[in-house]
Amino acid sequence: MALDLLVKEGIPGTSLAVLSEEGWFMANSGLANIEEKTPVQFCHLQYLQSIAKTYMAVAVLKLYEQGKIDLDDPITKYLPSSISNHLAKSDKISVRMLLNHTSGLAEYNFNPNYITKLFQDPEHIFEPEDYIKYIHGKPLDFPVGSKYSYRNTNYVLLAIIVNKITGDHTAFIREVVFRPLQLEHTYYPLVVNQLGNDQLVSAYWDRHSQGIIENVSKIQQNNVANMVGDDGIVTTPVEAIIFLKGLMEGKLINKTTLQEMLQWAKRKDGTPAYGLGIAYSSINGFKSYGHTGGGIGAGSELRYFPDKGVYMFVGINLGTVTESPLHKGIAPARDQLFKAILE
């Protein structure tokens, strides 16, 4: 089985959920916590990492439906001047460009000062504005709207915009996304002591890229707890699928808005890349709508294959944002996984 191959290659633990016309299929392999030898279970919370961008986009599109945001307005209309003053050409960048990553803004987590602060002071609490300060005075990476290039910065700015309009973007996401779908085991922001009986998987990282992993759960938790807009959600595999299914079936935004969401910014070769908070991929010849996520101690994928009517989520509790020889086993196992799901 593909999940067992992942564990054999050194991934501590992994969890899979699939929903098709035939019903649910779920499987786990490996450990949620190595030290206590706790097996991964369906009830364990997984880190969504950048999959959170899709949830953030839904919140923005709800405000669009309510007439509180025009997607083609400049972001200066909605951002505090204390934020927009950090940004190059902010009066030329639209909300839509943040959503589909065509803004040209620099990436905050490419700044070595941010990385240094994150690892040397893992207890530090970052405010949304702190991330934006890391790109203060940075020129655009490319002319506004001229191409697609993925940037976490865009979604931090969207969180700040929704904060300004609603007063609390996290409460707004819970109101317009979690509540309608009854997502009772989905959390944003992450506050570990408020999870009740729900348990997070532990997080592991090959810090020195030598194939030796260490438990980095505390750093992972603190990092994710500080993330806004571009990250920060934990949930179960089942509830991740319920979210994407609800979105695709028009339970969160109307069908017209969903079609707007699925208008794709293109890659250099002209192929579809990214809509408004949702990515396009082709896997084994089948188109996929969804998102992936990676962090210090976790990785995840959430996908819908419209031609097959299949939804899937897979999460691992090994960091994916730095290279590791352990990652070599991921690719063939992933290929096996998709082959099994899509046959």
Side-chain angles (χ1 to χ4, degrees), residues 44-60 62 98-99 101 107-109 114-115 117-118 122-132 134 150-164 166-179 181 183-196 198-203 216-237 239-240 243-244 247 252 277-279 290-302 313 315 317 319-321:
H44 276 114
L45 299 174
Q46 301 283 337
Y47 290 95
L48 292 191
Q49 307 289 171
S50 283
I51 297 171
K53 291 181 176 68
T54 309
Y55 294 69
M56 186 72 249
V58 170
V60 173
K62 287 298 292 185
L98 297 182
L99 285 164
H101 297 294
E107 176 60 275
Y108 76 83
N109 65 20
Y114 165 68
I115 302 299
K117 186 68 175 176
L118 176 64
E123 299 292 334
H124 177 76
I125 297 174
F126 289 93
E127 298 295 335
E129 294 82 0
D130 295 334
Y131 298 111
I132 304 307
Y134 284 109
Y150 186 90
R151 295 289 184 269
N152 290 286
T153 304
N154 294 321
Y155 275 73
V156 176
L157 290 168
L158 288 169
I160 294 171
I161 286 172
V162 177
N163 266 340
K164 186 176 180 185
T166 68
D168 183 347
H169 82 281
T170 62
F172 188 68
I173 287 174
R174 292 194 295 270
E175 175 187 340
V176 301
V177 179
F178 297 3
R179 188 177 300 169
L181 299 177
L183 303 180
E184 297 179 355
H185 306 283
T186 303
Y187 300 89
Y188 180 61
L190 171 61
V191 182
V192 174
N193 62 9
Q194 293 181 11
L195 297 179
D198 288 329
Q199 298 296 311
L200 267 170
V201 293
S202 296
V216 290
S217 296
K218 188 63 176 177
I219 296 175
Q220 170 76 5
Q221 290 170 10
N222 288 343
N223 183 36
V224 170
N226 285 325
M227 293 291 188
V228 289
D230 62 332
D231 201 326
I233 295 176
V234 298
T235 189
T236 63
E239 289 201 357
F243 161 72
L244 188 56
L247 174 59
L252 296 176
I278 194 164
H291 219 291
T292 61
I296 297 167
S300 53
E301 296 187 50
L302 177 62
F313 172 86
N317 59 346
T320 57
V321 293

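Numbers for residues simply follow the sequence, beginning at 1.
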Next on the checklist: For a 4.5 angstrom cut-off between non-hydrogen side-chain atoms, does L158 reach L99?
Outcome noted: yes
Next on the checklist: V58 and side chain to side chain contact (heavy atoms under 4.5 Å, CB included): which single residue from I173, L247, I278 fits?
Outcome noted: L247
Item to check | Straight-line distance of E107 CD to H101 NE2, nearest 0.5 Å | outcome: 9.0 Å
Next on the checklist: F313 vs I51, test: side chain to side chain contact (heavy atoms under 4.5 Å, CB included). Steps then yes/no.
Outcome noted: CA-CA 11 Å; F313 172 86; I51 297 171; 4.2 Å; yes
Checklist entry - Taking atom CG of L48 and atom CD1 of I233, what is their separation to the nearest 0.5 Å? => result 6.0 Å
Next on the checklist: With a 4.5 Å cut-off on side-chain heavy atoms, are Y155 and S50 touching?
Outcome noted: no
Item to check | Positive for side-chain hydrogen bond (donor to acceptor under 3.5 Å, both in side chains) with T186, one of T236, T235, D198 | outcome: T235
Item to check | Closest contact, heavy atoms only, G297 versus A203 | outcome: O-CB, 3.4 Å
Checklist entry - Any side-chain heavy atom of L252 within less than 4.5 Å of one from V177? => result yes
Checklist entry - Can any side-chain N or O of T54 pair as donor or acceptor with the backbone N or O of G277 at less than 3.5 Å? => result yes
Checklist entry - Does any non-hydrogen side-chain atom of E301 lie less than 4.5 Å from one of H291? => result no
Checklist entry - Mind checking whether Y108 and Y114 have parallel, tilted or perpendicular rings, split at 30° and 60°? => result perpendicular
Checklist entry - Side chains of L45 and V201: does their closest heavy-atom pair fall under 4.5 Å? => result no
Item to check | Exercise: identify the closest heavy-atom pair between G232 and A52 | outcome: N-CB, 4.2 Å
Checklist entry - T320 side chain to A298 main-chain N or O, any donor-acceptor pair under 3.5 Å? => result yes
Next on the checklist: Is there a side chain to side chain contact (heavy atoms under 4.5 Å, CB included) between M227 and F126? Walk through the geometry before answering.
Outcome noted: CA-CA 8 Å; M227 293 291 188; F126 289 93; over 6 Å; no
Checklist entry - In Å and rounded to the nearest 0.5 Å, what is the CG to CD1 distance from N109 to I115? => result 5.5 Å
Checklist outcome for this item: Output for pair (M56 CE, L157 CG), nearest 0.5 Å, gives 11.0 Å
Item to check | Main-chain N/O of H124 paired with N226 side-chain donor or acceptor, under 3.5 Å | outcome: yes
Checklist entry - Are Y188 and Y55 close enough that their ring centers fall under 6.0 Å? => result no
Item to check | Min side-chain heavy-atom separation Q220-Q49 under 4.5 Å | outcome: yes
Checklist entry - How long is the span from the CD atom in E175 to the OG1 atom in T170, to the nearest 0.5 Å? => result 11.5 Å
Item to check | Spatial distance of atom CG (L98) from atom CD1 (I160) [nearest 0.5 Å] | outcome: 10.0 Å
Next on the checklist: Could you check whether N154 and K53, counting side-chain N and O atoms only, form a donor-acceptor pair closer than 3.5 Å?
Outcome noted: no
Checklist entry - Within a strict 4.5 Å, meaning less than it, do heavy atoms of the P237 and Q46 side chains meet? => result yes
Checklist entry - Step by step, would you call D231 with N152 a side chain to side chain contact (heavy atoms under 4.5 Å, CB included)? => result CA-CA 9 Å; D231 201 326; N152 290 286; over 6 Å; no
Next on the checklist: My understanding is that only residues two or more places apart in sequence, or in another chain, count here; which of them pass side-chain contact (heavy atoms from CB on, under 4.5 Å) with N163?
Outcome noted: D168, H169
Item to check | Exceeds 12 heavy-atom contacts within 6.0 angstrom, atom NZ of K164 | outcome: yes
Item to check | Closest non-hydrogen atom pair, P189 against A225 | outcome: CB-O, 4.4 Å
Next on the checklist: For F243 together with F178, are the ring centres under 6.0 Å from each other?
Outcome noted: no
Next on the checklist: Just by distance, no angles: are the side chains of K117 and Y134 close enough, under 3.5 Å, to form a donor-acceptor pair?
Outcome noted: no
Checklist entry - Any side-chain heavy-atom pair from L190 and L200 closer than 4.5 angstrom? => result yes
